[in-house]
Student: 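Right, I'll just put the structure down here and ask away after.
Side chains included, hydrogens not; waters and symmetry mates left out as well; all remaining heavy atoms used. Since we're looking at a predicted model, the values are computed, not measured.
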Amino acid sequence: KVVAYLANFYYDALEWDKSTQMYERLLVGEFGKLNHAEKAYCEYSKASIEFMTGNEDKAIKMLAVFEKQRNYARAPIAAKALYTLGSIACQCRLRNSDYEEAWQRVLPIVYTHYPKSEEAELALFYYAFAGFHTKRKEESEKAFEKYSKRYPDGEFIQHAEGYLELLRG
C-alpha cells in the first residue's frame, strides 16, 4: 500500500517517470499480488500519464484493455477509463481513422453500461457534441435529446438545448 501511495504522490506531483515506475512495479507483483481493481487502477493511471505527456496513441492502446477484457470492464475505474479512451480518440480522430470508429463505439458504452457513473453525463454530451462537429446531424440530435431527458439539470443542459435549436433550425 505504501508503494501505491508513492505512485499516486508522484502522479499528483507531476513526476511522471517516477509514478510510472511505481505503477509498473506494482503491476509486476514486486510488492505482492494485486486484485483486478488495483491492476485496473494502475493501468488507467499509466495510460493517463501517457496522455498527459503527449503520447495519445500509446494512451489509446493502453486504455483499450478496458473495452476488451472483462476483468477491467468490471473495475470501479472502468467508466472513467472508457470515457478517457473515447474522448482522446475523438480529439485525435483526424490523425487515425480507427479513432473515428473508437469514439463512436466507446462513448455509448459509458453512458449505457455505466449510467450512474460521473462519466455517463460527460460521455453522452461529448458523443452528441462530437456528432454535431462531424456532420452527423440526426445522430447528434438524438443524443442531445437523450441528454436533455436524462439530465434536465445537467452541467451542459443549456449547451445541449442550444445545439438542439441549431439542429432543428
Student: Which atom pairs, donor and acceptor, lie under 3.5 Å between side-chain atoms of residues 156-169 and protein residues at least two apart or in another chain?
Tutor:
from, atom 1, to, atom 2, distance (Å)
R168, NE, E141, OE2, 3.3
R168, NH2, E145, OE2, 2.6

Student: Roughly how far, to the nearest 0.5 Å, is CD1 of I88 from CZ of F51?
Tutor: 4.5 Å

Student: With a 4.0 Å cut-off on N to O distance, would you call K61 and E50 a salt bridge?
Tutor: no

Student: Does the side chain of I77 reach to within under 4.5 Å of the side chain of F66, using non-hydrogen atoms?
Tutor: yes

Student: Is there side-chain contact between L63 and T84, with at least one heavy-atom pair below 4.5 Å?
Tutor: yes

Student: Rounded at 0.5 Å granularity, tell me how far OH in Y44 sits from CD1 in I49.
Tutor: 10.5 Å

Student: Do the charged groups of E100 and R136 touch, with an N to O distance under 4.0 Å?
Tutor: yes

Student: Are the side chains of Y127 and E139 in touch, meaning some heavy atoms are under 4.5 Å apart?
Tutor: yes

Student: Quick one: side chain to side chain donor-acceptor pair (under 3.5 Å) pairs with a partner in residues 109-124, sequence neighbours left out?
Tutor: E121-Y147

Student: Quick one: CG on L85 to CD on E67, what's the gap to the nearest 0.5 Å?
Tutor: 6.5 Å

Student: Taking A128's backbone N and O only, do any of them form a donor-acceptor pair with S140's side chain (distance below 3.5 Å, no angle check)?
Tutor: yes

Student: Are there more than 12 heavy atoms of other residues, nucleotides or ligands under 6.0 Å from atom CG of N35?
Tutor: yes

Student: Less than 4.5 Å apart, any side-chain heavy atom of E38 and any of L26?
Tutor: no

Student: Hydrophobic clustering (ILVMFWY, side-chain heavy atoms < 4.5 Å, transitive) - are M62 and M52 grouped together?
Tutor: no

Student: Any side-chain heavy-atom pair from F144 and K149 closer than 4.5 angstrom?
Tutor: no

Student: If you measure from CE on M22 to NZ on K46, what distance do you get to the nearest 0.5 Å?
Tutor: 14.0 Å

Student: As a quick check of understanding, evaluate side chain to side chain contact (heavy atoms under 4.5 Å, CB included) for L124 and Y151, giving each step before the final call.
Tutor: CA-CA 10 Å; L124 181 53; Y151 305 104; 4.0 Å; yes

Student: Salt bridge (Lys or Arg N to Asp or Glu O under 4.0 Å) between E138 and K142: does it pass, once the steps are laid out?
Tutor: CA-CA 6 Å; E138 191 175 311; K142 286 179 185 176; 3.5 Å; yes

Student: For F31, does the CZ atom have more than 12 heavy-atom neighbours from other residues, nucleotides or ligands under 6.0 Å away?
Tutor: yes

Student: Do the side chains of Q104 and E101 get nearer than 4.5 Å, heavy atoms only?
Tutor: no

Student: Please tell me whether N8 and Y41 have a donor and an acceptor in their side chains that are separated by less than 3.5 angstrom.
Tutor: yes

Student: Run the side chain to side chain contact (heavy atoms under 4.5 Å, CB included) test against P115 and tell me which residues pass, sequence neighbours left out.
Tutor: none

Student: Between Q91 and Y99, do the side chains contain a donor N or O and an acceptor N or O under 3.5 Å apart?
Tutor: no

Student: Using side-chain heavy atoms (C-beta onward) and a distance below 4.5 Å, is W103 in contact with Y126?
Tutor: no

